[in-house]
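Structure first, commentary second.
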2 protein chains.
Amino acid sequence: MGLMIRKQLPQPDRAEIRVEAVLQALGEPVRLQIVRALADTPEGIACGEIELQVTPSTRAHHLRTLREAGVLTTHTEGTRRISSLRREDLDALYPGLLTGVLSAAQ
Amino acid sequence: MGLMIRKQLPQPDRAEIRVEAVLQALGEPVRLQIVRALADTPEGIACGEIELQVTPSTRAHHLRTLREAGVLTTHTEGTRRISSLRREDLDALYPGLLTGVLSAAQ
DNA sequence: TTCGTAGTACGATCTTCATCGAACTACTCG
DNA sequence: CGAGTAGTTCGATGAAGATCGTACTACGAA
């Protein structure tokens, strides 16, 4: 077992986040499912552990979309990539949005 | 001047509104612009009076999308169609969502 | 009824994007 | 090192959708 290197994947600064991109990212069923899963696990979750009906490459595509929109942050932990919601940033930018979305009946 | 007939255009019941449809509807720049305009005029506004850089037919397309998603309601007033935000329904379903979206810097 | 206005519906076009398989990178373990 | 695992990237494909012009409907005014 070696030293665990944690590296954060590129993502927009809080000031660069655009509401259109966030809404568009959240408006896709698979991505909304990912967001809901992340909301349930504040400590973060590995890509492959989220239950989804899509292939790994589609998974990666959606995670990238969410990351580039500023919805989630991802860091590496060995070979795994742990993602978690950018709740603080989103709440600061759009207070109530995330709560409202997550309160929706599934 | 004859009798003014007010007829409401078909729209989903509150229980039929799906959050994915709402988010997807809000995630398009022109439609978000429409929603912002509606938020500024609670009494409702006619389609043609919203300042947009698109043709009438594109306007109609976006208004239909927003109506079918449950974001706005439209009724006729003579030849004009007045639209307004379904704020009560949206606040009840997703408390905070609309506020959060509208609080975003433009 | 005829004209003008507000807005919609339809069909076409062009772009965006969700999806996948295959090839690839990065890391861990033995 | 080599094998295995986690995940990404690339290119292709097919579907969804944003846009427009044209033709149409509905209503009001003269």
Side-chain angles (χ1 to χ4, degrees), chain A residues 1-11 18 20-35 37-38 44-69 71-84, chain B residues 1-11 18 20-35 37-38 44-69 71-84:
Chain A
M1 189 193 79
L3 181 63
M4 193 64 88
I5 300 171
R6 291 170 122 262
K7 189 162 45 176
Q8 191 179 67
L9 268 58
Q11 65 181 35
R18 294 166 303 120
E20 292 91 346
V22 171
L23 291 168
Q24 200 176 343
L26 296 178
E28 207 279 334
V30 175
R31 289 196 289 261
L32 190 54
Q33 205 172 336
I34 294 174
V35 169
L38 293 183
I45 188 169
C47 166
E49 281 158 14
I50 307 173
E51 208 169 322
L52 297 173
Q53 310 301 322
V54 294
T55 63
S57 58
T58 302
R59 235 168 247 267
H61 164 66
H62 286 308
L63 282 171
R64 168 194 273 263
T65 301
L66 286 165
R67 179 166 7 95
E68 289 178 348
V71 176
L72 56 79
T73 185
T74 306
H75 69 264
T76 60
E77 270 184 22
T79 79
R80 297 151 52 97
R81 298 199 171 183
I82 309 295
S83 298
S84 51
Chain B
M1 186 193 81
L3 179 63
M4 192 64 89
I5 301 174
R6 291 171 119 261
K7 189 162 45 175
Q8 191 179 68
L9 269 58
Q11 65 181 34
R18 293 166 305 118
E20 292 91 346
V22 171
L23 292 168
Q24 199 176 343
L26 296 177
E28 206 280 333
V30 176
R31 289 196 289 260
L32 191 54
Q33 206 172 336
I34 295 174
V35 169
L38 293 183
I45 187 170
C47 165
E49 282 158 14
I50 306 172
E51 209 170 322
L52 296 174
Q53 310 302 321
V54 294
T55 63
S57 58
T58 302
R59 235 169 248 269
H61 163 67
H62 286 309
L63 282 173
R64 168 195 273 265
T65 301
L66 286 166
R67 176 162 13 91
E68 290 179 348
V71 176
L72 56 79
T73 184
T74 306
H75 67 265
T76 61
E77 270 183 24
T79 79
R80 298 153 49 98
R81 300 200 170 181
I82 308 297
S83 297
S84 52

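Hydrogens, waters and symmetry mates are skipped; everything else that's a heavy atom, side chains included, is used.
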Original post:
When the distance from CD1 of A:Ile50 to P of D:dG7 is rounded to whole Å, what number comes out?
Top reply: 9 Å

Original post:
Any side-chain N or O of A:Thr58 under 4.0 Å from OP1/OP2 of C:dC20?
Top reply: yes

**OP:** Would you kindly give the CZ-to-P distance between B:Arg81 and D:dA26, to the nearest whole Å?
**Re:** 10 Å

Subject >> Nucleotide D:dA26, atom P - distance to CD1 of B:Ile82 in whole Å >> reply: 19 Å

Subject >> Among C:dA18, D:dA18, D:dT9, the one nearest A:Ala60 by side-chain distance >> reply: D:dT9

**OP:** In whole angstrom, give the distance that lies between atom CG of B:Leu9 and atom C1' of C:dA9.
**Re:** 13 Å

Original post:
Under 4.0 angstrom, heavy atoms only, what part of the nucleic acid is B:Glu49 near: base, sugar-phosphate, or nothing?
Top reply: nothing

Subject >> B:Thr79 side-chain N/O to C:dT5 phosphate OP1/OP2 under 4.0 Å >> reply: no

**OP:** Answer yes or no: is there a donor N or O on one side and an acceptor on the other, between the side chain of A:Gln24 and the main chain of B:Pro29, under 3.5 Å?
**Re:** no

Original post:
What nucleotide, of D:dG7, C:dG7, D:dT22, holds the atom closest to the side chain of B:Ser57?
Top reply: D:dT22

Subject >> Closest to side chain of A:His62, choosing from C:dC27, D:dT9, C:dT19 >> reply: C:dT19

**OP:** Measure the distance from CZ on B:Arg80 to P on D:dG28 and round it to the nearest whole Å.
**Re:** 12 Å

Subject >> Between P of D:dA18 and CZ of B:Arg64, the distance in whole Å >> reply: 13 Å

Original post:
Would one find a side-chain N or O of B:Gln24 under 4.0 angstrom from OP1 or OP2 of D:dG17?
Top reply: yes

Original post:
Does the side chain of A:Thr74 reach to within under 4.5 Å of the side chain of A:Leu63, using non-hydrogen atoms?
Top reply: no

**OP:** Determine yes or no for a side-chain-to-main-chain donor-acceptor pair under 3.5 angstrom, with B:Thr65 supplying the side chain and B:Ala25 the backbone.
**Re:** no

Original post:
So which nucleotide from D:dA18, C:dC27, D:dG7 ends up closest to the side chain of B:Glu28?
Top reply: D:dA18

Original post:
Roughly how many Å is it from CD in B:Gln33 to P in D:dA18, rounded to a whole number?
Top reply: 14 Å

**OP:** Check for a donor-acceptor pair, side chain of B:Arg59 on one end and backbone N or O of B:Cys47 on the other, with a separation under 3.5 Å.
**Re:** yes

Original post:
Counting just side-chain N and O atoms, does B:Arg59 come under 4.0 Å of either OP1 or OP2 of D:dA18?
Top reply: no

Original post:
Please give, in whole Å, the distance from D:dG17 P to B:Leu26 CG?
Top reply: 15 Å

Original post:
Heavy atoms, side chains only, cut-off 4.5 Å: are A:Leu38 and A:Ser84 in contact?
Top reply: no

**OP:** Using a 4.0 Å heavy-atom cut-off across all strands, classify A:His61 as base, sugar-phosphate, or nothing.
**Re:** base

